[in-house]
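Worksheet: the structure to be examined is printed underneath.
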Amino acid sequence: MVKLKPEYYQNSDVIFLAQDLLGKILFTKKNEEITAGIITETEAYFGEADKASHAYGGLRTLRTEAMFQTGGYSYVYLCYGIHHLFNIVVSQENDPKSVLVRAVEPYEGLSVIESRRNRPASDKTISSGPGSVCKALGIDMKFNKKPLNGEEIWIEDSGLQYSQDDIASTPRIGVAYAGEHALLPFRFYLKKNRYVSKK
DNA sequence: CTGGCGATTCTC
DNA sequence: AGAATCGCCAGA
């Protein structure tokens with residue numbers, strides 16, 4: 001397998017990328033331990049015009065700064081004071097589009113993932129939900145604004161291909177405040193995979 | 001400076 | 001159903 005190249009992420013079609021990233025494999029290396037998961041669920045945030053995005057209206061602050069970088073970087077932030085959430089920044093510089101990774105299927109370093117989550121890898125809740133993904137793969141704020149083709153965190157192309165029939169789409173989770181954008185069907189997941197936050 | 005709240009999860 | 005828990009942002 002090969003790491004996805006920076007050009008892959010510089011596509012401005014975040015709706016396409018959110019679906020195309022399903023089946024790709026997210027790796028992290030922390031304390032010399034490598035863990036990885038197959039991406040099974042994503043959400044697309046389409047930038048300045050998206051009322052559900054942290055970058056709505058072009059809001060550029062210390063927190064959202066990562067999203068304004070060129071595609072191929074990470075955006076990690078803390079939610080509810082407890083949970084880390086991991087996003088893939090896409091498109092070009094100053095176009096703050098991103099893909100939130102909401103669930104993965106454990107792929108490598110299973111024993112490490114199991115001890116981080118204190119449950120067996122066969123339990124589908126081990127890495128379903130954006131906070132759980134980060135805990136399973138050891139992602140914290142130190143992983144913010146990192147290039148996704150580096151040595152700490154990266155994504156590989158598994159070669160898996162899916163058709164539209166394999167992918168379900170629903171409104172995004174937890175964005176009821178986003179007015180008319182709350183209902184847009186920009187959450188995507190693999191229908192046949194158990195490791196999804198909710199069907 | 002201060003107050004309210006969030007792209008959530010776990011436990012009761 | 002409710003708690004945990006804190007950084008971020010808006011408003012004063």
Side-chain angles (χ1 to χ4, degrees), chain A residues 9 14-15 17-19 21-22 26 37 39-69 71 73-91 95-106 113-146 148 153 155 167-190 194-199:
Chain A
Y9 303 98
V14 66
I15 309 301
L17 283 175
Q19 296 170 83
L21 280 160
L22 296 172
L26 174 62
I39 296 172
T40 57
E41 178 179 344
T42 60
E43 280 178 5
Y45 288 84
F46 57 93
E48 299 187 6
D50 184 354
K51 291 187 178 179
S53 172
H54 294 164
Y56 174 58
L59 181 68
R60 186 168 185 158
T61 65
L62 206 53
R63 177 174 68 151
T64 63
E65 177 64 26
M67 274 198 286
F68 288 82
Q69 297 185 206
Y73 279 78
S74 60
Y75 168 44
V76 180
Y77 74 96
L78 191 62
C79 188
Y80 294 100
I82 305 174
H83 307 288
H84 295 282
L85 276 68
F86 169 72
N87 296 257
I88 298 160
V89 177
V90 305
S91 191
D95 185 18
K97 297 189 171 99
S98 66
V99 175
L100 171 67
V101 177
R102 290 191 51 89
V104 302
E105 174 184 341
I113 292 174
E114 288 177 331
S115 68
R116 282 177 183 152
R117 293 284 294 145
N118 194 31
R119 68 196 75 191
S122 56
D123 182 340
K124 68 178 172 134
T125 70
I126 194 166
S127 53
S128 305
S132 301
V133 168
C134 288
K135 192 160 186 202
L137 298 183
I139 296 172
D140 56 29
M141 288 310 294
K142 290 195 287 291
F143 286 79
N144 190 31
K145 294 177 79 170
K146 299 292 183 193
L148 295 176
I153 182 165
I155 300 175
I167 300 171
S169 64
T170 76
R172 295 172 291 181
I173 307 291
V175 297
Y177 59 85
E180 72 272 25
H181 292 163
L183 295 178
L184 294 171
F186 291 167
R187 168 175 174 253
F188 305 99
Y189 65 85
L190 296 174
R194 299 175 57 235
Y195 296 90
V196 164
S197 67
K198 74 174 190 185
K199 300 273 183 184

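Quick note on labels: first sequence line is chain A, next is B, and so on, each numbered from 1.
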Side chain to side chain donor-acceptor pair (under 3.5 Å) filter on A:Tyr73, not counting sequence neighbours, yields none
Heavy atoms of A:Leu85 and A:Cys79 approach each other most closely as CD1-CB, 3.6 Å
Under a 4.0 Å heavy-atom criterion, DNA chain C is touched by chain A from C:dA4 to C:dA10
Each nucleotide of nucleotides 1-12 of chain B classed B (base within 4.0 Å of a protein heavy atom), S (only sugar-phosphate) or -, in 5' to 3' order, makes -----BBBSS--
Interatomic distance, NE2@A:His84 vs CE@A:Met141, rounded to 0.5 Å, equals 7.5 Å
Are A:Phe86 and A:Val133 close enough that some pair of their side-chain heavy atoms sits under 4.5 Å apart? no
For A:Ala52 and A:Arg172 the tightest heavy-atom approach is CB-NH2, 3.7 Å
Q. Less than 4.5 Å apart, any side-chain heavy atom of A:Arg117 and any of A:Asp123?
A. no
All stems that DNA chain C takes part in, i.e. 3 or more consecutive Watson-Crick or G-U pairs with distances under 3.5 Å, are B:1-6 with C:6-11, B:8-11 with C:1-4
Pairwise C1' distance for C:dA1 and B:dA7, with rounding to whole Å:
22 Å
Task: Interatomic distance at C1', C:dT5 relative to B:dG3, whole Å - done: 15 Å
Is the distance between the ring centroids of A:Phe46 and A:His181 less than 6.0 Å?
yes
Contacts of A:His54 meeting side chain to side chain donor-acceptor pair (under 3.5 Å) (sequence neighbours excluded), chain-then-number -> A:Tyr75
Checklist entry - Can you find a pair of side-chain heavy atoms, one from A:Tyr45 and one from A:Val175, that are under 4.5 Å apart? => result yes
Sequence neighbours excluded, the answer for side chain to side chain donor-acceptor pair (under 3.5 Å) partners of A:Asn87 is none
